[in-house]
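Following: one structure in structure tokens, then a few remarks.
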Amino acid sequence: MAKSESELTWQDIEVGMIATEPANARQYQTGTWRSQRPTYNFDRCIKCGLCYIYCPEGCIYQNAKGHFETNLFYCKGCGICAQECPTRAITMAEEEE
Amino acid sequence: MVDKRGLEVSVAIGEAVKLADADVIAAYPITPQTHIVENLAQLVADGELDAEFIPVESEHSAMSACLGSAATGARTFTATAGQGLELMHEVLYVASSMRLPIVMTVANRALSAPLSVWGDHSDVMSVRDTGWIQIFTENGQEVVDNVLCAFRIAEDHRVLLPVMIHLDGFHLSHMIEAMFFPEQGEVDQFLPPNNYPLPLDPNKPVTMGDFGPPAIYSEAKWAQEVNIRASRDVILQCWQEFGDRFGRHYSPVEHYRTEDAKVLLLTMGSFSETAATAVDEMRSEGKNVGLVKLRLWRPFPFDEIRQAVKGAEVLIVLDRALSFGGPGGPVCSEIKSALYQQEKSPKVVSFVGGLGGRDIQVADFKEIVERGTEIAEKGSSREFEMFGVRGE
Ligand code: SF4
Ligand code: SF4
């Protein structure tokens, strides 16, 4: 997609607003919805992957050291990961702005 | 050889759908549309029409199945009436917004309560703003012709919108009439195969009915508005070509003996036939009366309406639906707004009548014209007249 959604004019829209490009929802930054962000204390993390399983956004990934982390482009800040983490390795922090 | 046959109009619709070679019919029977669906089911069962007939469990499902069918590029037909149209209401918007060419005949019926299976335009008016192209028909021949035109208009790449053909329940749907049916070869020439531009196809996946956040919703709606307004030219072109080929001509607003008429009556649907007879009688009595018939309801023919009523002093509009607590008949209020900014326009008088299947006969139309003319002269404290209602 050349233009972002907020730049498209009515003439740019495909007939019936059909999306011809598969998986273009990837470009949708749901991270802007967030008021709190998950922060990790890797010292406490036992790499169980529960946060990864529970995240409804599917935006948690495993980094090179085997710890789990959040992709903040998509994270909506729901706090489910922090709630489910058995070792309290995740804390929700207020977004400043 | 000309194929002229006497058939019930509902059955004739089946003949038209067969001539159009529809691929999918998804419909639920409801009075007074039942014969349309029953006959189509029979045609498919007998192998006379090579189509999928989907016997759905409700009208909501009927229209939903039509969405899926049209999205694959299949030529899609359905029919309903009254409460059935109301039950598919939310899906109607989806069909037009997703720009899916579906053709539907509506055997216009009153809405409950009290329960009424008889005809009026309450169902038409409740779907006014759903984004469908809507055409009124007066007799069986017009229904047959316009079903054929509807497929061509709907599937035209400049349009890609669903089309509703309105026919009055019972008054027209159950009428037995002699009609001309074009030959298959002629229809094939007039109606090219459906070629939906972005059909559902596993080899070229697309997403339909996507999410539209605030950043894009207005653009999507404006695109739809521009599109339905522009469909007018394609509709006119289609009717022109139909007329050239088959000799029967249609236009958004039609006139009957309006030349020099001081008083005009405006009707839609099958009641126009009776109104025309009333006009003939009044003309022979030396009265300067004419009839204007509204054929194209959406997109609304603003220019044609203004042109049609230009010279008249009084315009009497008969609606077959009520807008409770509103400005009078729904069609009349649109006509008033179309004329409001004009320098010179006739006095417009709104009548509501023919509700829930009540007949309006020739003598009644003459009375409407008489009373309407009087109201135009003397004025009235009411927004509209409720014709034929008992009680003071
Ligand atoms: S806060 Fe919610 S969305 Fe963000 S990573 Fe945790 S579970 Fe996923
Ligand atoms: S749930 Fe907690 S402990 Fe388990 S992987 Fe995620 S952060 Fe680490």
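In what follows, chains carry the letters A, B, and so on, assigned in the order in which the sequence lines appear, proteins first and then strands, with residues in each chain numbered from 1.
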TODO: With rounding to the nearest 0.5 Å, note down the distance linking CE in A:M17 to NZ in B:K221.
DONE: 9.5 Å
TODO: Measure A:T9 against the heavy atoms of chain B and call it side chain, backbone, both or neither at under 4.5 Å.
DONE: backbone
Open item on the list: Heavy-atom pairs under 4.5 Å with chain A - which of B:I216, B:L160, B:D210, B:V206 has more of them than the others?
Closed with: B:I216
Open item on the list: Would you say CD of A:Q62 has more than 12 non-hydrogen atoms from neighbouring residues, nucleotides or ligands within 6.0 angstrom?
Closed with: yes
Task: Atom CZ of B:R245: over 12 foreign heavy atoms under 6.0 Å - done: yes
- [ ] Please step through side chain to side chain contact (heavy atoms under 4.5 Å, CB included) for the pair B:L198 and A:V15, ending with a clear verdict.
- [x] CA-CA 9 Å; B:L198 285 165; A:V15 64; 4.2 Å; yes
Task: Gap separating the OG1 atom of B:T207 from the CD atom of A:E14, nearest 0.5 angstrom - done: 12.0 Å
TODO: State whether the number of non-hydrogen atoms from other residues, nucleotides or ligands found under 6.0 Å of B:E241 atom CD is greater than 12.
DONE: yes
- [ ] Using side-chain contact (heavy atoms from CB on, under 4.5 Å) as the criterion, point out the one residue from B:M98, B:M208, B:R99 that pairs with A:I18.
- [x] B:M208
Task: Atom group of B:P213 that falls short of 4.5 Å from chain A, counting heavy atoms - done: side chain
Open item on the list: So for atom OH, which belongs to B:Y93, do other residues, nucleotides or ligands contribute more than 12 heavy atoms lying within a distance under 6.0 Å?
Closed with: yes
- [ ] Dump the intermediate steps for side chain to side chain contact (heavy atoms under 4.5 Å, CB included) on A:L8 and B:E219, then the final yes or no.
- [x] CA-CA 8 Å; A:L8 288 174; B:E219 282 69 23; 5.9 Å; no
TODO: State whether the number of non-hydrogen atoms from other residues, nucleotides or ligands found under 6.0 Å of B:D233 atom CG is greater than 12.
DONE: yes
TODO: Heavy-atom distances under 4.5 Å only: say whether B:Y217 touches chain A with side chain, backbone, both or neither.
DONE: neither
Task: Distance (rounded to the nearest 0.5 Å) between A:T20 OG1 and B:K204 NZ - done: 7.0 Å
Open item on the list: Does atom OH (A:Y54) have a neighbourhood of more than 12 heavy atoms from anything else shown, all under 6.0 Å?
Closed with: no
Task: CH2 on A:W10 to CD on B:E225, rounded to 0.5 Å - done: 10.5 Å
